[in-house]
Amino acid sequence: MAEQSPEPHKILETMKGKLNTRWESQPDYGDIITTLPVGESWNLPSNFYKYQRFWYTPEYLKAVISAKQRFKPLDKDVILCTFPKSGTNWLKALAFSIMTRTKFDFSSHPLLTAPPSTCVSYIEFEQAQGINASREFPLTSTHIPYSSLLDSIISSDCKIVYMCRDPKDAFVSWWYHVNSFMGNNKEPIISLEKAFGLFCQGIALFGPFWDHFLEYWKASLERPDKILFLKYEDIKRDPSYYVKKLADFMGYPFSMKEKADCCVENIIEFCSFEKLSNLEVNKSGKLRGVTVDAEYPAKIFFRKGKIGDWKNHLTGDMANRLDRIIEEKLSGSGLKF
Ligand code: A3P
């Protein structure tokens with residue numbers, strides 16, 4: 001990371017100069033933003049703003065509002081929804097491989113030369129900005145909370161797959177992500193303790209995590225035919241069961257012959273952390289920023305890929321505090337970690 005990333009303050013300066021450039025042609029949301037509650041961001045160049053119960057930087061807020069106005073779902077779209085750092089790229093790789101398995105074989109697969117986030121675009125970024133707007137496959141993704149999703153999605157035949165993760169691991173992954181994106185590992189953009197305090201108050205991009213989880217959880221209980229709720233840990237522990245379940249739900253079930261030919265196992269192996277993180281494109285490739293006009297290393301999406309790495313970062317008191325928050329916020333919902 002150190003050799004690839006400029007000094008943190010230089011990236012912050014670059015961001016300050018370049019924020020907004022991708023959105024110049026879009027309506028000005030200044031009027032909306034000035035009416036919203038302001039929260040301290042994770043030492044990012046701008047504050048967070050609370051819009052419809054969730055926290056965003058101004059650029060993300062624009063992206064979310066723009067998505068509402070511009071995104072048109074395809075018939076039979078499968079929409080992958082995640083709380084950030086919950087394994088979005090893994091879910092994208094799995095769903096993309098399932099959906100396209102009769103079109104590509106593993107020797108010439110798009111995921112060999114493009115990161116998962118390029119193979120499956122985001123509604124609030126590429127789609128809302130008109131980049132790669134024409135999609136070959138009915139598969140897209142978003143971090144947008146359920147209550148802010150477009151009416152056109154809710155009332156359509158689209159299927160929604162939601163994935164979340166133990167918030168302790170999601171938090172640690174977020175903290176690394178922010179520091180890898182903006183810093184050089186010598187000097188964190190924000191200390192772990194400070195970021196943790198904000199996360200516990202619900203202040204994180206697309207936070208509070210508990211409302212993000214609960215909205216999709218409740219919707220999945222009300223409409224199980226339309227919304228599949230998954231946890232990172234469950235897929236890690238029993239990938240075979242969940243990959244089959246995902247394929248069934250998406251409408252691309254594995255045939256008996258495919259099962260006999262180890263198609264499920266092959267997809268799991270192809271999308272594994274070990275395989276994806278060792279591909280050159282994910283080791284040394286670059287991604288264009290979606291809210292910032294800059295490039296960043298694809299490898300920041302592949303860190304450890306483990307359950308329970310929080311144990312190496314959070315003190316016992318911190319873990320207990322977050323566990324209590326999780327228990328209190330999710331109490332009575334049936335959702336547990
Ligand atoms: P860690 O930081 O804990 O390693 P997202 O894609 O939503 O940004 O989530 C990133 C997290 O998913 C990172 O977690 C990353 O390492 C992990 N991840 C990426 N690819 C994975 C894979 N194929 N299997 C399991 N975890 C993966």
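Numbering of ligands and ligand atoms starts at 1, following listing order. Just so you know, these numbers come straight off a predicted model, no measurement behind them.
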Do me a favour and list the nearest non-hydrogen protein atom to [atom] with residue, atom name and distance?
atom	value
atom 8 (O) of ligand 1	Lys85 NZ, 2.7 Å
atom 13 (C) of ligand 1	Ser173 OG, 3.6 Å
atom 3 (O) of ligand 1	Arg165 NH2, 2.9 Å
atom 5 (P) of ligand 1	Thr88 N, 3.4 Å
atom 19 (C) of ligand 1	Phe301 O, 3.3 Å
atom 23 (N) of ligand 1	Cys271 O, 2.9 Å
atom 16 (O) of ligand 1	Arg303 N, 3.0 Å
atom 9 (O) of ligand 1	Gly87 N, 3.2 Å

Handout entry: Trp90, Phe302, Tyr232: member with heavy atom nearest to atom 17 (C) of ligand 1
Key =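 When every heavy atom of Trp90, Phe302, Tyr232 is considered, Tyr232 comes closest to atom 17 (C) of ligand 1.
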Exercise for the section: Taking salt bridge (Lys or Arg N to Asp or Glu O under 4.0 Å) as the test, write out the residues that go with Asp309, two or more places apart. Expected result: Arg303, Lys304
Handout entry: Those atoms of ligand 1 less than 4.0 Å from some heavy atom in Ser272
Key =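 It comes down to these atoms of ligand 1: 23 (N).
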Handout entry: Contacting atoms of ligand 1, where contact means under 4.0 angstrom from a heavy atom of Ser86
Key =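 Those atoms are 7 (O), 9 (O).
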Problem - Contacts of type side-chain contact (heavy atoms from CB on, under 4.5 Å), residue Lys236, not counting sequence neighbours - result: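 Once residues adjacent in sequence are excluded, the partners of Lys236 under the side-chain contact (heavy atoms from CB on, under 4.5 Å) criterion are Trp90, Tyr232, Ile307.
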Exercise for the section: Please examine the side chains of Thr82 and Arg165, heavy atoms only from C-beta on, and report whether any two atoms are closer than 4.5 Å. Expected result: no
